[in-house]
Amino acid sequence: MFVLIVLRVVWAALNRDRRPPRRADLLGHAARLGHVALYALMLAVPSAALLRAWGGERGFAPFGFQIFAPRAPDQVVKTATDIGSNFHGELAWVMGVLILGHIAMALFHQIVLRDRLLRRMAG
């Protein structure tokens, strides 16, 4: 999942000049901040989980490919596991709220502003 997220961030960065111009009002600034927050959380949430896996006892081996080896109980990196445990879930909830806001604003554009934003997003 993390690889897909990194690819999405790279794709967005490479195509930022092709995006339609943003509105100069408060709605445009809110859209920019919302998108920046979504991209930051798309990176931060799995990073916190990976940090927790790196420092923890279980290791990380998705689909049988070992990324991080398990650690012995006396070799656990408590700082890493604490950061991952304290932030992964909470940031995921914040991201969920932002995703709902993103959906709501897309519908607002479609229904209230009638600016055909969903058509542009769909290509």
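One is the number of the first residue; the rest follow in order along the sequence. In this text, all values refer to a predicted model and were calculated from it rather than measured experimentally.
- When all heavy atoms are compared, the tightest approach of Pro46 to Ile5 is CG-CD1, 3.8 Å.
- Closest approach of His35 to His102, counting heavy atoms only: NE2-NE2, 3.2 Å.
- The two residues Arg52 and Thr81 have their closest heavy-atom pair at O-CG2, 3.7 Å.
- Here the side chains of Ile103 and Ile99 are in contact, with some heavy-atom distance below 4.5 Å.
- Contact annotation: the side chain of Phe108 approaches that of Leu27 to within less than 4.5 Å [non-hydrogen atoms, C-beta and beyond].
- Leu50 and Val76 fall into different hydrophobic clusters, where Ile, Leu, Val, Met, Phe, Trp and Tyr side chains are chained together by heavy-atom contacts under 4.5 Å.
- Under a cut-off of 6.0 angstrom, the local environment of CZ in Phe68 is crowded, with over 12 non-hydrogen atoms contributed by other residues, nucleotides or ligands.
- Closest non-hydrogen pair, Pro62 versus Ile67, comes out as CD-CG1, 3.6 Å.
- Arg116 contributes atom CZ, which lies 15.0 Å from atom NE2 of His109 (distance to the nearest 0.5 angstrom).
- When hydrophobic clusters are built by joining Ile, Leu, Val, Met, Phe, Trp and Tyr residues whose side-chain heavy atoms come closer than 4.5 Å, directly or via intermediates, Leu14 is grouped together with Val6.
- Under the 4.5 Å side-chain heavy-atom criterion for ILVMFWY residues, a single connected hydrophobic cluster contains both Met1 and Leu38.
- In Arg32, the CZ atom is not crowded: 12 or fewer heavy atoms of neighbouring residues, nucleotides or ligands sit closer than 6.0 Å.
- Of all heavy-atom pairs between His29 and Ala24, the closest is NE2-O, 3.5 Å.
- Residues Met95 and Leu91 are members of one and the same hydrophobic cluster, defined by side-chain heavy-atom contacts under 4.5 angstrom among Ile, Leu, Val, Met, Phe, Trp and Tyr.
- In terms of heavy-atom proximity, Arg71 sits nearest to Gly55 at CD-O, 3.4 Å.
- A continuous path of ILVMFWY side-chain contacts below 4.5 Å connects Leu98 to Leu43, so both sit in one hydrophobic cluster.
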